[in-house]
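Each remark here refers to the structure printed beneath this line.
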Amino acid sequence: MDNSEIAALLNNIGDMLEIIGESSFRVGAYRRAANVISALPRDINDIRGDKQGLTSIQGVGKGIAEKLAQLLDTGKMDYYEELKTKLPGSLVELIHIQGVGPKKAKLFYEELGVESVDDLEKALQEHRVKDLPGMGVKTEDNILRGLELYKKQSGRLLLSQAVPAAEKIINYLQKYSDVTEISTAGSLRRWRETIGDIDILAATNKPRQVADEFCNYPDVVSVLAKGETKCSVLLHNGLQVDLRLMKPAQFGSALQYFTGSKLHNIHLRELAKKRGLKLSEYGLFNLAGNKLLAGADEADIYNELGLDYIEPVLREDKGEIEAAAAGKLPDLIKLSDIKGDLHAHTQASDGQSSLEEMAAFAQKLGYQYLAISDHAQTLKVAHGLDLKRFEEQWRQIAELNRQWEDFTLLTAVELNINSEGKTDFPDEVLARFDIVAASIHTGFTQDKERITYRTITAMANPHIDIICHPTGRILDRRPPYAIDLVQVFAAAKKTGTILELNAFPDRLDLNDDQLRAAKRYGVKFAINTDAHHFGHLANMRYGLHTAQRGWLTSADVINTLPIDSLLKSL
DNA sequence: GCCGTTTTCGGCCCGACTGTTTTCAGTCG
């Protein structure tokens, strides 16, 4: 089992313990351990072999370490198996429905025999819930609404749906209402790969007027709640947007609080307490609560706690607070560091734009270079190019390059790694491209050993510079294929092969935790959009923020290099 | 179940809202 699978299992245990009614601190301990392990830069199996062992992991003590050791050694954990006999397998799913927590899940199970989401739906329809102690008609309605929501958005929203929608609303409110400051908050501001709902925070002295304007926003189909501190609306595309209204003097502390993550906030408040202070959404206070130390400005809160400012993308309680205390936060890569894009397709294969259109948009973004990396001959479904067609493309690129002084189209290819680990062209052909990328497009269902072998075999070819979308996952549609990333990272370091961070919003592959792990191995990255239309080149920002979430600096990413250094490094 | 520049035992973040209740439990973020 890998780190993310272990983390998922620990979270599941946390959910089960909560329903059983275990101490919330024990529940929290399992969730913290899960959070830390998901971000671990090393394979947990290796740590198991260390002298200090699993307890060297912050948040893993003797109890969890013993259980994990058994799991890693035998593939089973007695404790988990025992819990599963106490609760039906799908009962934990209930607490992911808005309005249902552990207590109600337990009540429904014990009193109504509800064991799954389907059971609950039936019980609600038959109005068996309202007669339970502490329940009523309104509770029943609330849960029914939560259930509808749960069914509708089983998957969370992609960043690429949420970010533009939020930006439009912010522009609108700035234009038509009296806000002094306004920002996104929540997981959207942290640029998590998927978003639950859109949170927006505004500072104003005229909350009623801002609330009115917000509810009049043209895309609103229904107003769910409207008050002076909070409004919720539903947009016609099904998105829920929450607007929170604050006084300017509290904007910083409110923004800090509503940005989260939950675990980051808990850790920060613990730290405040240790220093004799108290932190809430209303500000940072002395313990007596009568002296305000910070509130209007978010950065002041961190500074008053003795920390460097922590960017929202890092606020996951994955070591950023310790790093900020030690002055060791990374100098995160910025969008302006990106000098070009190394993965783009044209009409020649499965793209929709011409060479000229791609180049024009890349220049508009201020790039020095763009690599045209169409698919090659064996990927028939994408109309891959044979050598003759590539030679024609090279001729066109050379001709176009003559007219620009400070911009270059690079000749590239995205090879397909077949089930034997072989690619489309012999080495003497590969040597003729500026950049050679390779990736897996077929045989997703092969076993871990096989897929890892294919990838590592391709990396061993000295002509192959980059491995694209290394896990093949597509958010909400396709899980990653079975691949041993630890072996891949080690091989990437050894062979000097670059790993791609694919910026396409439903890929983001490698993801944040994987980037951080790979960085520890000394791997270098390319952040590429994999554009199939010139407009897709603008997706770079989704990759960029994912890179930040992976603690990457500009030195970790090769397409921050000017063109001559780039070509030399390849 | 974890952890220690107040502690190896006794703590463990903070506040608001809702719905069901007469003082609070449950849920949420």
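In the text below, chain A, chain B and the rest are named by the order of the sequence lines, each starting its count at 1.
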Rounded interatomic separation in angstrom, taking CD1 from A/I37 and P from B/dC2: 11 Å

Verify the distance criterion only: is there a donor paired with an acceptor across the side chains of A/E316 and A/H264 at less than 3.5 Å? no

Among side-chain atoms of A/T553 and A/D556, is any donor-acceptor pair under 3.5 angstrom? yes

Nearest 0.5 Å please: distance from the CZ atom of A/R516 over to the CG atom of A/N511. 12.0 Å

A/N35 atom CG is separated from B/dG1 atom P, nearest whole Å, by 19 Å

Establish whether the base of B/dG15 is bridged to the side chain of A/Y257 by a donor-acceptor pair shorter than 3.5 Å. no

Selection from B/dT27, B/dG1, B/dG15 that lies nearest to any side-chain heavy atom of A/P102: B/dT27

Could you run down the sub-3.5 Å N/O contacts of the protein with nucleotides 20-25 of chain B?
unit_1: B/dT20; atom_1: OP1; unit_2: A/G136; atom_2: N; d: 2.9
unit_1: B/dT20; atom_1: OP1; unit_2: A/T139; atom_2: N; d: 3.4
unit_1: B/dT20; atom_1: OP1; unit_2: A/T139; atom_2: OG1; d: 2.9

Sugar-phosphate only, base, or nothing, as touched by A/N142 at under 4.0 Å among non-hydrogen atoms: sugar-phosphate

Tell me whether the count of non-hydrogen atoms from other residues, nucleotides or ligands lying under 6.0 Å of NZ in A/K84 goes above 12. yes

Pairwise C1' distance, B/dG26 and B/dT20 [rounded to whole Å]: 11 Å

Mind running a 4.0 Å heavy-atom check of residues 85-101 of chain A against DNA chain B and sending the residues that fall below it, in number order? A/I97, A/Q98, A/G99, A/V100, A/G101

What are the two closest non-hydrogen atoms of A/E93 and A/Y150, and how far apart are they? OE2-OH, 2.8 Å

Whole Å only: how far is the CG atom of A/L201 from the P atom of B/dG29? 15 Å

I need the CG-C1' distance between A/L263 and B/dC28, as an integer number of Å. 15 Å

What integer distance in Å separates A/K230:NZ from B/dC17:C1'? 9 Å

Is it true that the side chains of A/Y542 and A/E193 contain a donor and an acceptor less than 3.5 Å apart? no

Can you tell me the distance, in whole Å, between the CD1 atom of A/I19 and the P atom of B/dT27? 10 Å

Any donor-acceptor pair under 3.5 Å linking the side-chain atoms of A/D512 with those of A/Q548? no

What interatomic distance, in whole Å, is found between P of B/dT21 and the corresponding atom of B/dA16? 25 Å

Checking all strands, does A/K130 fall into the base, sugar-phosphate, or nothing category for heavy-atom contacts under 4.0 angstrom? nothing

Looking only at atom C1', what distance separates B/dG1 and B/dT6, rounded to whole Å? 22 Å

Once you round it to whole Å, what is the distance between C1' of B/dG1 and CZ of A/R31? 14 Å

For nucleotides B/dT7 and B/dC12, find the distance between their C1' atoms and express it as a whole number of Å. 12 Å

Can you confirm whether the side chains of A/D43 and A/N45 place a donor and an acceptor under 3.5 Å from each other? yes

Given B/dG4, is OP1 or OP2 found less than 4.0 Å from the side-chain N or O atoms of A/K274? no

Of A/R269 and A/K262, the one whose closest nucleotide on DNA chain B sits nearer the 5' end is A/R269

Would you say A/Y521 has more than 12 foreign heavy atoms packed within less than 6.0 Å of its OH? yes

Below 30° counts as parallel, above 60° as perpendicular, anything between as tilted: where do the rings of A/Y217 and A/Y172 land? perpendicular

Does a nitrogen or oxygen in the side chain of A/Y282 sit under 4.0 Å from OP1 or OP2 of B/dA16? yes

Please give the distance between the P atoms of B/dC2 and B/dC13 as a whole number of Å. 16 Å

Does the side chain of A/R315 come under 3.5 Å of the side chain of A/S261 through a donor N or O and an acceptor N or O? no

Measuring only the C1' atom in each nucleotide, how far is B/dG10 from B/dC17? A whole number of Å is fine. 31 Å

Gap between atoms CG and P, on A/D199 and B/dC28 respectively (whole Å): 15 Å

Checking base pairs now: Watson-Crick or wobble, both atom distances under 3.5 Å. What partners B/dC28? B/dG15

Comparing A/R145 with A/L279, nearest DNA chain B nucleotide closer to 5' gives the residue A/L279

Protein-nucleotides 10-12 of chain B N/O pairs under 3.5 Å:
unit_1: B/dC12; atom_1: OP1; unit_2: A/K273; atom_2: NZ; d: 3.1

Could you verify whether a donor N or O on one side chain and an acceptor N or O on the other, from A/R32 and A/N35, lie under 3.5 Å apart? no

For the side chain of A/I64, counting heavy atoms from C-beta on, which of B/dC13, B/dC2, B/dG29 is nearest? B/dC2

Which residue in the set A/K247, A/R269, A/R244 passes salt bridge (charged side-chain N to carboxylate O under 4.0 Å, His left out) when paired with A/E281? A/R269

Pair A/Y109, A/D119: side-chain N/O donor-acceptor within cut-off below 3.5 Å: no

Under 4.0 angstrom, heavy atoms only, what part of the nucleic acid is A/E22 near: base, sugar-phosphate, or nothing? nothing

